[in-house]
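Just so you know, ligand 1 is whichever comes first in the structure, and atom 1 is the first atom listed for that ligand. Note that this is a predicted model, so its numbers are computed, not measured. Heavy atoms only: backbone and side chains are in, while hydrogens, waters and symmetry mates are out.
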Amino acid sequence: MSETPFTADLVLTGGTVVTGKTRYRADIAIKDGLIALLGKPETMPAAREIVDVSGKFLLPGAIDMHVHFREPGYTHKEDWRTGTAAAAMGGTTTVFEMPNTNPPTRSVVELRQKQEAARKAHVDFGLYGLLAEDNIDELTGLIEGGVNAFKCFMGNTFGNLPSPSTGAMLEGFEVIAPSGLRISLHAETASIMAWRQQRLMAAGRNDPLAHIAARPAIVAAEAVARAAELAEWTGARIHVLHISSEAELRPLADAKARGVEITGETCPCYLLLDTRDYARLGSVIRVNPPVREASDSEAIWNALRNGVIDMIATDHAPHTPEEKRKEIIWQADCGFPGVETQMPLMLNEVSRGRISLEHYVRISAENPAMAFGLWPAKGRIEPGAEADIAVVDMERTETIRADALHSRGKITPFEGVSVTGIPIHTLVRGRFVQRDRKLIEQTSGWGRQVTAIQRMPAPNPKHVDQTLAACLQGPVVASGASS
Ligand code: DOR
Ligand code: ZN
């Protein structure tokens with residue numbers, strides 16, 4: 001008879017727990033949504049349910065800092081139910097959702113609208129507020145209203161939200177910095193792209209590769225360097241979304257070396273596709289920033305291995321096949337779904353020996369949890385943490401088929417790719433949202449908004465006395481009078 005004084009809701013028995021550093025055999029007892037106990041089978045308490053996961057790996061569920069679920073406004077592409085269903089199927093237990101919906105999440109009014117839409121979620125979520133040219137006065141309301149992070153579109157993309165000037169960005173960073181909330185950047189400089197695209201269009205370039213010509217890597221490198229300067233000046237925390245080029249790595253690494261609070265992510269398409277795929281995929285491959293050269297992919301792999309890039313995300317950006325398939329590249333919508341395929345694609349790379357399973361846990365769960373204030377409640381399988389778990393079968397092979405995706409965007413550049421390493425169950429706070437490769441429909445509504453458990457302290461700003469808010473009160477520099 002066990003002397004353990006509680007009955008668990010669930011015990012997962014026979015699996016191997018994977019952390020960022022190591023892996024070990026352990027059973028897991030779950031109670032009230034939390035991991036109650038890890039240990040040998042004989043140490044487990046009585047449980048209402050015992051599930052045999054022998055031979056399987058238990059990973060902290062993936063935390064994806066970059067998804068577009070389109071609701072409100074573009075629900076023919078996706079909504080909160082279908083987007084989070086895709087996440088559940090893909091072993092992703094927390095997503096951070098982007099503000100380029102219609103209306104965009106630009107003030108607390110739209111934040112409430114988005115929270116309403118998100119009530120259908122299968123998995124936990126964070127919500128991004130927008131930092132744009134025209135909503136600086138709304139930022140404090142968004143912070144107090146409960147956004148989990150901010151998104152700043154330095155370059156135009158779907159939704160055509162006006163990119164903030166550097167002046168507006170600086171003020172935005174000043175306002176957000178003291179909150180400690182991270183600002184995620186679509187780091188592509190709008191003016192360079194607008195100039196080049198208009199020149200290319202005038203010259204009659206309509207082919208898929210014209211998309212890269214309009215957005216060469218300098219577009220991203222310049223934006224990362226500029227944003228890092230503003231972050232250093234203001235003490236704002238920043239995050240570089242969808243790193244696509246070797247050129248961005250130098251300003252990112254330099255900023256880290258200077259002590260700037262900066263993190264970076266890449267997405268599977270930048271690791272697994274390159275310019276050789278444009279002829280085959282045509283406009284389907286169009287994404288912002290673009291998929292680039294094989295040498296860029298190689299550099300991004302290296303940066304992921306050596307920690308310059310902190311995490312993997314998806315930029316899950318569903319569109320309909322009709323919106324994606326266009327003769328004229330400028331008319332094709334940018335992006336494709338990714339939240340359901342990220343884990344299988346990356347586990348396939350683990351199977352091929354390109355990174356270890358432990359490293360995958362760091363970039364898919366631990367690092368995002370730490371960077372966005374969710375650690376230690378999320379991102380790890382330890383007693384006391386929330387039971388967000390992907391049960392993975394590293395021997396199972398599936399073929400990616402757009403038609404089988406749970407996203408409404410039934411088109412993917414990974415069509416027909418065979419992947420080994422599949423999440424066969426997904427648990428969010430102890431509850432199966434996916435089981436045996438089937439969505440648990442009734443868990444729509446189980447997902448809830450995360451709170452920044454560990455409200456991160458603001459880093460030290462260098463020039464807090466010179467913020468625009470301070471200057472608006474009157475002179476802030478010594479007048480020169482001597483005493
Ligand atoms: O290709 C993209 N599509 N890149 C983005 O940054 C936005 C996204 C979208 O919302 O469709
Ligand atoms: Zn995006």
Side-chain angles (χ1 to χ4, degrees), residues 64-80 82-83 86-87 95-105 114 125-132 149-164 182-190 193 197 208 211-212 214-215 219-220 223-224 227 239-245 248 264-270 273 278 281 283-292 311-324 326 329-339 342 368 407-409 411-413:
D64 187 343
M65 303 314 308
H66 190 167
V67 302
H68 301 263
F69 284 166
R70 307 300 193 203
E71 186 180 2
Y74 305 110
T75 49
H76 69 288
K77 295 175 190 275
E78 193 76 292
D79 66 29
W80 273 87
T82 52
V95 292
F96 271 43
E97 205 269 345
M98 288 295 173
N100 59 334
T101 42
N102 191 12
T105 319
K114 186 153 283 188
F125 57 89
L127 297 175
Y128 277 105
L130 185 68
L131 159 53
F150 282 90
K151 167 74 175 277
C152 173
F153 289 95
M154 296 175 77
N156 285 65
T157 189
F158 179 74
N160 270 327
L161 302 173
S163 300
R182 205 172 277 276
I183 305 165
S184 291
L185 305 162
H186 183 111
E188 289 191 295
T189 295
M193 300 188 294
Q197 183 169 332
H211 181 55
I212 306 186
R215 306 170 99 103
V219 159
V224 172
H239 175 68
V240 182
L241 299 162
H242 45 44
I243 291 171
S244 64
S245 69
E248 287 156 274
E265 77 182 27
T266 192
C267 314
C269 62
Y270 305 114
L273 301 172
Y278 274 67
L281 295 168
S283 62
V284 174
I285 203 172
R286 190 179 190 212
V287 57
N288 296 326
V291 165
R292 303 184 188 281
M311 62 191 88
I312 188 88
T314 67
D315 195 2
H316 176 86
H319 303 283
T320 65
E322 300 71 44
E323 291 164 335
K324 287 294 294 173
K326 302 279 185 190
I329 192 65
W330 314 115
Q331 295 173 357
D333 275 350
C334 297
F336 28 78
V339 75
Q342 179 272 115
S407 169
R408 230 163 242 158
I411 187 161
T412 166

Quick test: of every protein heavy atom, which one is nearest to [atom], and how far off is it to 0.1 Å?
atom	result
atom 8 (C) of ligand 1	Ala317 CB, 3.7 Å
atom 7 (C) of ligand 1	Thr157 OG1, 3.3 Å
atom 4 (N) of ligand 1	Asn288 O, 2.9 Å
atom 3 (N) of ligand 1	Cys334 O, 2.9 Å

Hey, does [X] come in under 3.5 Å of ligand 1, counting only N/O atoms on both sides?
X	result
Lys151	no
His66	no
Phe158	no
Arg286	no

Does the ring centre of Phe69 sit less than 6.0 Å away from the ring centre of Phe125?
no

Measure centre to centre between the rings of His68 and Tyr74, then say whether the value is under 6.0 Å.
no

By ring pair (Phe, Tyr, Trp, His ring centres under 6.0 Å), which residues pair with Phe336, not counting sequence neighbours?
none

I'd like to check which ligand 1 atoms, numbered from 1 as shown, lie under 4.0 Å from a non-hydrogen atom of [X].
X	answer
His319	11 (O)
His242	6 (O)
His186	5 (C), 6 (O)
His68	7 (C), 8 (C), 10 (O)
Gly335	1 (O)

Tell me, do Glu78 and His316 make a side-chain contact under 4.5 Å, heavy atoms counted?
yes

I'd like the name of whichever of Glu323, Arg70, Met98 reaches closest to atom 9 (C) of ligand 1 through any heavy atom.
Arg70

Over 60° means perpendicular and under 30° means parallel, so tell me whether His319 and Phe158 are parallel, tilted or perpendicular.
perpendicular

Hey, which protein N/O/S atoms does the Zn ion (ligand 2) have under 2.8 Å?
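Result, waters dropped: His66 NE2, His68 NE2, Asp315 OD1.
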
Could you tell me whether a side-chain N or O of Asp315 sits under 3.5 Å from a main-chain N or O of Gly335, the two making a donor and an acceptor?
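Judged by distance alone, no pair lies under 3.5 Å.
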
Whether the side chain of Asp79 engages the backbone of Glu71 through a donor-acceptor N/O pair (distance < 3.5 Å, no angle test) should be reported.
no

